[in-house]
Amino acid sequence: MNTISIYNTLINDKDVFIPIDPNHIKMYVCGPTVYNYAHVGNARPVVVFDTLYRLLKHDYAKVTYARNITDIDDKIIEASLETGEDISVITEKYTRIYEEDMGALNAELPDIKPKATEYVGEMIALISDLVSKGHAYESDGHVLFQVSTMDDYGELSGKDVKDLIAGARVNVADYKREGADFVLWKPSTPDQPGWDSPWGRGRPGWHTECSAMIKKELGETIDIHGGGQDLIFPHHENEIAQSKCSHDGANLANYWMHNGYLTVNGEKMSKSLGNFITVHELLEEYPNRGEAIRLALLTSHYKQPADFSREAITQAEKQLCRWYKIVRNSEETKPAKAVLEALRDDLNTPKAIMELNQLAKDSKNAGELKASAKLLGLLFGNAKNWDSTHVLKAGAGKFELTGHDADLLVRRKEAKVNKNWAKADEIRDDFDSRGLKLVDNPDGTTSVEKK
RNA sequence: GGCGCGGUGGCGGAAUGGCUACGCAGCGGAUUGCAAAUCCGUGUAUACCGGUUCGAUUCCGGUCCGCGCCUCCA
């Protein structure tokens, strides 16, 4: 059996992946809160875990991949108040856009896409259970998880509960017993969305949804739980607390994987810093180039921070053009062993890409190259869209050719037919001096591109 | 303050106790009237200072620098 190794945040080390049931792998990745567009940083885990999903499906008979949609959240309520649109209109719109944009990056849809609002009953049941077991308490219409009731709270993030309680923020809400306690349920005002509960009408206060949905759809303990590094604390720590305390200590997930940040000039890309670009915008800037964006995201190892740059996308685009040219008329065969081994080693995509380049050195490997690239979610599109001439055009601005220029092109063509090279070059130079580049295409036509 | 991550050639980015990928750019050559594309060739890189070692970029300690979490954020 081919083993996969995974860096597990739980033990801060790389570990051999041992599935609970080799016949059925279960993984869960934290999905979006749907109130606006996702940025490229949000796309990194999507692409990373999509690649893992493809590898797992290659290695195991059955894989169930779940990714939640958070469609109830204070940010959504705020967005609704701002735009005047109904909450469901907002969440449906951005769910659709999210799936389209991620689809453009060749990310497959997960098998299960649970929506928080469809699991409120399960969340209430979970919270009730935690209250009855003494891990949560009601206070002033809220239900809070009492962190000090859990011995190993902080096991994922390496934090010490005592520090968290002692180092309490300046403003500890007065309904909290201890500073580190977190809200499981909170009351809603009549104009806020809410559900009836044993504690009155309210809504989920924390992302109780992940724990509730995992239990219902996948079971108490799953194999892999993934997400961005910023979710380690408090989000995933709290998920673990909720689930473990409700399940008599059973692990929520055996392997926790976290991808590093996408940065901009070395700083984390984030909504609060405002230094982000949405996938939607990027796809408008690079039409039909989602695959290049995907490859750019995979050129660095998922745990490392990666700086966003358009240069990386352009470079990826060139790479894909070259590969597509080789693969164009080939049927995929089997993935190369070297590529599989790279991916099985904690998803070492940069090494896998290096191996793809090795395959690309000989056109005999075309079938293998195609099959191998498919594991990374690459090279199964239409090769016609990746003619190298398109690369030049992609970077060029749109403009209208004047009648004079069109006339010049006709005269250059005549000069070429007459083998009057001096005249042909003179016209080329004329265009060149105005920042325009002439490219003679193999079919005899000439393209004009802005430099 | 607590906890954590990282500094590899012009750029991106792997790997490794001795022989250090791969891509982009650059340079040289081939080829096509020219140009583009394509093909071949081409690299003076492991932040700094100590230690361990026959040998360290790799292991250990320290310094400097950058970043992150501790508050909603992939």
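Lettering of chains follows the sequences in order, A, B, ..., and the numbering in each one begins at 1. The structure presented is a predicted model; accordingly, all values stated were derived computationally and were not measured.
- Nearest nucleotide to the A:Q304 side chain, out of B:C24, B:G6, B:C69: B:G6.
- Checked against B:G6, B:G68, B:G23, the side chain of A:Y261 finds its nearest nucleotide in B:G68.
- Counting non-hydrogen atoms under 4.0 angstrom, A:H258 reaches nothing in the nucleic acid.
- In RNA chain B, runs of at least 3 stacked Watson-Crick or G-U pairs (N1-N3 plus N6-O4 or O6-N4, or N1-O2 plus O6-N3, all under 3.5 Å) give these stems: B:1-7 with B:64-70, B:10-12 with B:22-24, B:26-30 with B:38-42, B:47-51 with B:59-63.
- Of the residues near RNA chain B, A:L438 and A:S300, the one whose nearest nucleotide (by heavy atom distance) lies more toward the 5' end is A:S300.
- Residue A:L262 contributes atom CG, which lies 16 Å from atom P of B:C67 at whole-angstrom precision.
- Of all nucleotides listed (B:G33, B:C24, B:A37), B:G33 comes nearest to the side chain of A:W421.
- Sorted by first then second residue, the side-chain hydrogen bond (donor to acceptor under 3.5 Å, both in side chains) pairs that include residues 64-74 of chain A, not counting sequence neighbours, are A:H24-A:T64, A:Y28-A:N68, A:N68-A:T70, A:N68-A:E209, A:T70-A:E209, A:D71-A:T117, A:D74-A:K186, A:D74-A:R203.
- Distance check on atom P: B:C54 versus B:U46 gives 24 Å, rounded to whole Å.
- Taking atom C1' in both B:G18 and B:C67, the straight-line distance is 33 Å, to the nearest Å.
- Following rounding to the nearest Å, A:E414 (CD) and B:G33 (P) show an atom-to-atom distance of 21 Å.
- A:G226 comes within 4.0 angstrom of no nucleic acid atom, judged by non-hydrogen atoms across all strands.
- For A:Q315 against B:G12, a side-chain-to-base donor-acceptor contact under 3.5 Å is absent.
- The side-chain hydrogen bond (donor to acceptor under 3.5 Å, both in side chains) search around A:E217 returns A:Y119, not counting sequence neighbours.
- Taking a 4.0 Å limit (strictly below) on heavy-atom distances, residues 65-79 of chain A reaches RNA chain B at A:K75.
- With B:G33, B:A37, B:A25 as the choices, the nucleotide that has an atom nearest any side-chain atom of A:K318 turns out to be B:A25.
- Taking 4.5 Å as the limit, every side-chain heavy atom of A:F276 sits out of range of all side-chain heavy atoms of A:V40.
- Using a 4.0 Å cut-off on heavy atoms, none of the residues of residues 141-154 of chain A approach RNA chain B.
- Checked against B:A74, B:C72, B:A35, the side chain of A:S272 finds its nearest nucleotide in B:C72.
- A heavy atom lying under 4.0 Å from RNA chain B marks the following residues of residues 336-356 of chain A, by number: A:N348, A:P350, A:K351, A:M354.
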